[in-house]
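Below: the structure, in structure tokens.
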Amino acid sequence: MRALFLSLTLLVGVHHPSLAADAVNGETLAKRWCASCHLVSEDQRKGSDLVPSFASIAARPDFDEDRVATFLLNPHPKMETMSLSRIEARNIAAYIAEQKRR
Ligand code: HEC
């Protein structure tokens, strides 16, 4: 039973990469919801000086993708309620995490 469960988990993992956080979708969401304040990508020229860029957030030593995803479920100061779904929040967090590698 346990072996069956394990192989099922493997199958799902291999054949349904869409179940993993989708950073590409995260980028679309970030450009729509976050770019008015944050620099969300390298090609963006203008954001607010007072708001940390996604690259600088990702580069923090204590950066944690899961924590950011949870954080995004609540509005932060000066930010209107965005009411992102859990999946959208995870996708954006995955996208932010990716900014560090660039
Ligand atoms: C209206 C402006 C505004 C918008 C829109 C906005 N933010 Fe922010 N965000 C801020 C400000 C200001 C801070 C700094 C807050 C602080 O330091 O207390 C911040 C901080 C953050 C932080 C860092 C929090 C920390 O731990 O220090 C993250 C992550 C973040 N924003 C993600 C996002 C994402 C993702 C979006 C889009 C879904 C978004 N923000 C949209 C203004 C905004």
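Counting starts at 1 for both ligands and their atoms, following the listed order.
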Report, in ascending order of atom number, the atoms of ligand 1 lying under 4.0 Å from any heavy atom of [X].
{"X": "Cys37", "value": "1 (C), 2 (C), 3 (C), 4 (C), 5 (C), 42 (C), 43 (C)"}
{"X": "Val51", "value": "9 (N), 10 (C), 11 (C), 12 (C), 42 (C)"}
{"X": "Leu72", "value": "32 (C), 33 (C), 34 (C), 35 (C)"}
{"X": "Ile57", "value": "22 (C), 23 (C), 28 (C), 29 (C)"}
{"X": "Ile92", "value": "35 (C), 38 (C)"}

Among Phe71, Phe54, Phe63, Trp33, which one has a heavy atom closest to atom 24 (C) of ligand 1?
-> Phe71
Options His38, Glu88, Arg67, Arg60, ranked by nearest heavy atom to atom 8 (Fe) of ligand 1, top entry | His38
Can you tell me if CZ on Arg86 sees more than 12 non-hydrogen neighbours from other groups inside 6.0 Å?
-> no
For Leu73, does the CG atom sit with more than 12 other heavy atoms under 6.0 Å from it, leaving out its own atoms?
-> yes
Whether Glu88 side chain and Leu84 backbone form a donor-acceptor pair below 3.5 Å = no
Residue set satisfying side chain to side chain donor-acceptor pair (under 3.5 Å) with Asp62, at least two apart, ordered chain then number -> none
Check side chain to side chain donor-acceptor pair (under 3.5 Å) between Ser56 and all other residues, then give those that pass, not counting sequence neighbours.
-> Ser53
Gap separating the CZ atom of Arg90 from the CG atom of Asp22, nearest 0.5 angstrom | 10.5 Å
Should Ser36 be listed as contacting ligand 1, given a heavy-atom distance under 4.0 Å as the test?
-> yes
